[in-house]
Amino acid sequence: MPGDRTHIVFLTHWAAHLGGAEHSLLDILRCASVRFSCTVVTTEAGTLTRNASELGARVVIVPCRRDLSRIRRDHLLRNILAFSGASLAFLTYTFRLASVLGQLDPDLVHANVPKSHLALMLARIWGVKAHCTFHVREIFGKKSGAVWLYRLLMPRRHSSVIAISTAVQQALPQSLIRFSTVVYNGVRVPRSGFPRPTHDPLCLVYLGRVVPWKGCGALIDILAELLARCGDDTAVLNIIGDTLYWPQSYRTELQEKIASLGLAEKCSLLPHTLKPLETLAQNDIFCNASQDEPFGRSIAEAQACGLPVIAFDTGGVAEIVIDGQTGRLVPYGNKPAFVDALQECICSPQKIQWWGEKGRKRIQEKFNAEKQIPSIVSFLEKKGAQG
């Protein structure tokens with residue numbers, strides 16, 4: 001790369017679609033590309049690579065077999081063995097990646113998602129010399145295969161870890177926690193509040209990836225119980241998002257569940273929106289039923305729009321939502337308690353406004369992208385200078 005500017009390679013596996021990790025990476029690029037020479041290395045072309053190019057980043061594609069998506073974090077070691085062809089192809093891919101990184105000769109390589117982490121760990125073994133920063137956005141079980149691989153392969157020298165929440169940091173192998181720093185994701189806070197119409201019935205919303213661990217099926221059950229308790233005209237639920245990197249049959253299962261519970265007029269399963277903040281602001285309460293939510297970008301975005309949040313108390317959610325001040329947190333999996341929290345809003349509708357206002361203020365102070373993203377970029381600059 002020309003000039004004396006710090007050169008950072010951003011390594012990310014997926015580019016065709018944008019999930020929370022990809023949106024966060026683009027936020028980082030938007031800030032970093034002004035200060036550094038930036039290269040994005042990914043396995044495919046798509047929305048992310050187009051946006052990265054528009055931000056001034058160089059894009060390099062190192063292809064990898066598509067069926068790698070079948071190797072999931074649940075039962076990781078079993079999946080590696082079951083899909084041995086894909087696993088061998090991934091190993092070959094890391095050799096090619098190491099060669100590309102050697103040619104690019106960056107000051108720092110930032111790995112954005114778990115498959116990128118593993119690829120960079122192996123590329124480091126194959127000879128990559130640059131400082132490696134692993135942006136950890138997942139919570140893995142303490143005895144999971146993923147944690148075993150991180151413990152075994154994570155380089156101890158010239159490397160660092162950014163954890164997106166304290167919950168994520170504490171889930172790391174103990175030997176890696178001392179290499180880690182918590183830097184929260186930032187979200188955009190609208191300059192002025194959106195018009196907030198009063199809805200009758202109450203409009204509940206979930207926005208994010210529609211995949212099993214996000215708990216969309218549980219939200220459908222919760223809606224059914226709420227309507228049974230409080231009346232059929234009490235609330236509606238909008239589940240918004242694409243089923244990314246997961247079999248589309250899951251979406252069909254949710255549609256069948258909605259129909260079987262007689263909720264076709266009360267629960268809508270909608271595609272991804274290009275205007276998430278505007279969409280969120282058209283609803284009343286954000287609902288989240290995720291398991292081990294690492295951070296919850298859409299939770300923070302909802303609060304930025306003035307929505308209170310009702311969520312299971314799991315993972316990093318409690319670092320965003322303050323129970324009784326910006327919403328309600330209930331024990332994970334306790335659907336009746338979740339319904340109780342929604343019923344509380346129905347009985348005391350003023351709390352929707354109070355909690356929403358406090359939540360918006362909290363996001364402005366603690367999770368504002370204008371503060372958080374420069375903090376991430378400054379961290380990368382410091383580590384890149386250390387080499």
Side-chain angles (χ1 to χ4, degrees), residues 20 23 184-210 214-216 218-220 222-223 226 230 234-241 266-270 272-290 293 295-330 338-369:
H23 279 292
Y184 291 114
N185 285 336
V187 299
R188 183 167 65 89
V189 181
R191 298 286 181 186
S192 59
F194 293 101
R196 295 295 312 282
T198 301
H199 296 102
D200 185 16
L202 202 64
C203 287
L204 313 179
V205 63
Y206 162 80
L207 188 151
R209 284 180 64 195
V210 179
K214 287 290 189 177
C216 297
L219 290 179
I220 295 169
I222 287 164
L223 175 65
L226 179 68
C230 301
T234 303
V236 296
L237 171 64
N238 296 311
I239 298 175
I240 304 171
K266 303 296 180 182
C267 184
S268 299
L269 185 56
L270 304 171
H272 167 75
T273 174
L274 295 176
K275 297 182 177 180
L277 299 184
E278 290 87 342
T279 301
L280 287 167
Q282 294 169 8
N283 294 271
D284 297 307
I285 299 174
F286 189 88
C287 299
N288 185 279
S290 298
E293 180 68 63
F295 174 74
R297 181 186 179 93
S298 58
I299 293 173
E301 288 178 331
Q303 288 194 158
C305 294
L307 273 68
V309 174
I310 310 297
F312 285 141
D313 187 0
T314 177
V317 175
E319 297 173 53
I320 308 174
V321 180
I322 305 301
D323 184 47
Q325 295 185 31
T326 67
R328 277 282 180 233
L329 298 175
V330 300
F338 203 116
V339 176
D340 290 343
L342 290 170
Q343 194 170 2
E344 180 180 357
C345 293
I346 293 170
C347 296
S348 302
Q350 68 274 16
K351 288 185 177 180
I352 297 175
Q353 185 72 24
W354 294 342
W355 290 347
E357 290 175 355
K358 290 181 179 178
R360 177 177 165 83
K361 183 178 180 181
R362 178 168 171 76
I363 298 303
Q364 286 177 321
E365 294 175 350
K366 197 170 181 67
F367 304 104
N368 194 329

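Just so it is clear, the model here is predicted, and its values are computed rather than measured.
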Please name all residues satisfying side-chain contact (heavy atoms from CB on, under 4.5 Å) with Glu344, sequence neighbours left out, ordered by chain then number.
Arg328, Lys351, Trp355
Looking at CZ of Arg297 and CG of Leu207, how far apart are the two atoms once the value is rounded to the nearest 0.5 Å?
11.0 Å
Across all chains, not counting sequence neighbours, the side-chain contact (heavy atoms from CB on, under 4.5 Å) partners of Val339 are Ile222, Glu225, Leu226, Arg229
Using only heavy-atom distances, determine whether the side chains of Glu278 and Gln282 contain a donor-acceptor pair under 3.5 Å.
no
Can you give me the closest heavy-atom contact between Leu277 and Cys305, atom names plus distance?
O-SG, 3.4 Å
Look only at the side chain of Asn288 and the backbone of Ala311, and say whether a donor-acceptor pair between them is shorter than 3.5 Å.
no
Roughly how far apart are Glu301 CD and Ile320 CD1, rounded to 0.5 Å?
10.5 Å
Rounded to the nearest 0.5 angstrom, the OG1-CG distance for Thr314 and Leu329 is 10.5 Å
Side-chain donor or acceptor of Arg360 paired with backbone N/O of Gln303 under 3.5 Å
no
Who passes salt bridge (charged side-chain N to carboxylate O under 4.0 Å, His left out) against Lys214, sequence neighbours left out?
Glu293
Quick one: does Cys203's side chain get under 4.5 Å of Asp284's, heavy atoms only?
yes
For His272 and Leu274 the tightest heavy-atom approach is NE2-CD2, 3.9 Å
Return the set of residues passing side-chain contact (heavy atoms from CB on, under 4.5 Å) with Ala302 (not counting sequence neighbours), or none when no residue passes.
Leu280, Phe286, Leu307
Shortest non-hydrogen pair, Ala304 vs Pro190, comes out as O-CD, 3.6 Å
Evaluate whether atom CZ of Arg362 has more than 12 neighbouring non-hydrogen atoms of other residues, nucleotides or ligands under 6.0 angstrom away.
yes
Holding to side-chain contact (heavy atoms from CB on, under 4.5 Å), I want the full list of residues that pass it with Ala369, two or more places apart in sequence or in another chain.
Ile373
Any idea which heavy atoms bring Ile310 and Cys345 closest together, and the distance?
CD1-SG, 4.4 Å
Hey, does Cys287 have a side-chain heavy atom less than 4.5 Å from the side chain of Leu223?
no
Residue list, ring pair (Phe, Tyr, Trp, His ring centres under 6.0 Å) with Tyr206, at least two apart or on another chain:
none
Hey, which of Asn238, Leu237, Leu219 is the one that makes side-chain contact (heavy atoms from CB on, under 4.5 Å) with Cys267?
Leu237
Thr326 OG1 to Ile299 CD1 distance, which is reported to the nearest 0.5 Å:
10.0 Å
May I ask you to decide if the ring planes of Tyr184 and Phe295 are parallel, tilted or perpendicular, using 30° and 60° as cut-offs?
tilted
In short, Gly241 meets Val210 closest at the heavy-atom pair O-CG2, 3.4 Å
Contact check, side chains of Val321 and Asp313, non-hydrogen atoms, under 4.5 Å:
no
Is a donor on one side and an acceptor on the other found under 3.5 Å between the side chain of Thr273 and the backbone of Lys275?
yes
Measuring from atom SG of Cys230 to atom CD1 of Ile346, what distance do you get when rounded to the nearest 0.5 angstrom?
4.0 Å
How many angstroms lie between atom CD of Gln325 and atom NZ of Lys361, to the nearest 0.5 angstrom?
11.0 Å
Which heavy-atom pair separates Ala235 from Pro201 by the least distance, and what is that distance?
N-CB, 3.5 Å
Answer yes or no: is there a side-chain heavy-atom contact under 4.5 Å between Phe312 and Val330?
yes
